[in-house]
2 protein chains.
Amino acid sequence: MKSRRDELVDTALRLFYKQGFNATGIDKILSESGVAKMTLYKHFGSKDELILAALTRRDEQFLDWLTNAMETASPDPRAQLLSLFDALEKWFRGQAFKDLGFAGCAFINASGEFTDPDHPAHRLAKQHKQEIVDHLAKLCTKAGATDPETLAEQLALLKEGAIVTAHVRGITESARVAKTIATGLLDAALPA
Amino acid sequence: MKSRRDELVDTALRLFYKQGFNATGIDKILSESGVAKMTLYKHFGSKDELILAALTRRDEQFLDWLTNAMETASPDPRAQLLSLFDALEKWFRGQAFKDLGFAGCAFINASGEFTDPDHPAHRLAKQHKQEIVDHLAKLCTKAGATDPETLAEQLALLKEGAIVTAHVRGITESARVAKTIATGLLDAALPA
DNA sequence: TGACAAATAGACAGATCGGTCTGTATATAT
DNA sequence: ATATATACAGACCGATCTGTCTATTTGTCA
């Protein structure tokens, strides 16, 4: 059973994601979650803290989903790296997080609203992106890359490009465009 | 001499870009631009219209800057395509729009705040991105690509990835990561 | 049953929001 | 010099924002 705190964080994440952080008022989160205002301020000191909690929840949720999708796809690390882009396409099509749909990357969106790199939400976004790069680098090492860090940065950049293209322009096929480029990179960087 | 309307739009663009659209109030734009409230509402029917005017201004400004930077770089279309990423790096370092600095792409940020694809600001963002792809496709044709549209989409995706990486993670070198990948794509897609 | 903790509803405060309105000052052109 | 357009300053409106407070209800455990 979900605690009142979880109820708040999940509702906040959903509304922040679909309507933006500044555009979403506390009252809407309360009415949609059915939680009283005092309960919110018992768990969180301010709206900013709730924003951070929602993004933290998203961080865990997204990494769990992504790593699971990639591990499930294949035992081969090279195939796992490529399956990143198959997972992205499912996400873009709204098949990954059914209660949220697809409205771009919550962390890119957060960085757009809180452009100051020292803002806690922006810092969390940076950390989230770094975690993904680190995970990719591990797989690149396992796949036998001579420069796994560089390869991981390249793949991560393709991922970000695909996300933005899918969201801003509505082109879900961007995942396949990125996958094609990634295939060429892996062919060149990994031993046959 | 700048008209009052231009004064408004320039100030609005600067504040929207650095602080976000919803977080920037009308009163701040008025006080920083030194324009009276009634003058604003004589030129624009609402804040939403001012947002659109600011983004339209940014669209012109950015495309002018980018096309000029690429044309200036070289007469060779292949070199022009690669110079896209040199221009990006200058932008990331804050050397392109000195009154604005770098706070990500205004259109990616707008799409993050206005996630509904039918929102006028989101539509404008989509249009802006399409204009750039079209411009790249023309250059790809000039460079002799057999499939200029696909190549242009690939380069555009690299551009978006570099922008997001630079903004969210603060890694200005992302422009060079993208350029390396782009070089490989051009080597494979263009006649020697 | 009675005590205690947790969550409820909802009024309230103070600030800020977008937008309207009145009245005054400035500048240009005839 | 007078007419006209434009922009000014700033009061004002209703709505909404975050956050605080009181008083009531609910649920649990002894």
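Because only heavy atoms are used, hydrogens play no part in the values below, and waters and symmetry mates are left out as well, while side chains stay in. Treat the numbers as computed from the prediction; the structure is a model and nothing was measured. Every chain is numbered from 1, with letters handed out A, B, ... down the list of sequences.
Shown for residues 29-45 of chain A: residues whose heavy atoms fall under 4.0 angstrom of DNA chain D, namely A/Lys37, A/Met38, A/Tyr41.
The distance between the ring centers of A/Phe92 and A/His167 does not fall below 6.0 angstrom. For A/Phe114 and A/Phe21, the ring centers are positioned less than 6.0 Å apart. Annotation: A/Phe85 is not in aromatic contact with A/Trp91 [ring centroid separation under 6.0 Å not met].
Protein chain A contacts DNA chain D from D/dT18 to D/dT22, reading 5' to 3' and using non-hydrogen atoms of the protein with a distance under 4.0 Å.
With hydrogens and angles ignored, the 3.5 Å screen pairs no side-chain donor or acceptor of B/Tyr41 with any backbone N or O of B/Ser46. With hydrogens and angles disregarded, no donor-acceptor distance shorter than 3.5 Å links the side chain of B/Thr11 to the backbone of B/Leu8.
Nucleotide C/dC17 holds its C1' atom 13 Å from the CZ atom of B/Phe16, rounded to whole Å. Atom CG of B/Asn22 and atom C1' of C/dG18 are 12 Å apart (whole Å). As a whole-Å value, the separation of B/Lys47 NZ from C/dT20 C1' is 17 Å. Atom C1' of nucleotide C/dG10 and atom CG of A/Asp27 are separated by 11 Å, given to the nearest angstrom.
When each of B/Glu160, B/Glu153, B/His122, B/Gln127 is checked for a side chain to side chain donor-acceptor pair (under 3.5 Å) with A/Arg169, only B/Glu153 meets the rule.
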Given A/Glu113 and B/Asn109, is the side-chain hydrogen bond (donor to acceptor under 3.5 Å, both in side chains) satisfied, shown in steps?
-> CA-CA 7 Å; A/Glu113 286 205 52; B/Asn109 296 350; over 6 Å; no
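Salt bridge A/Asp118/A/Arg123: present, at least one basic N to carboxylate O contact under 4.0 Å.
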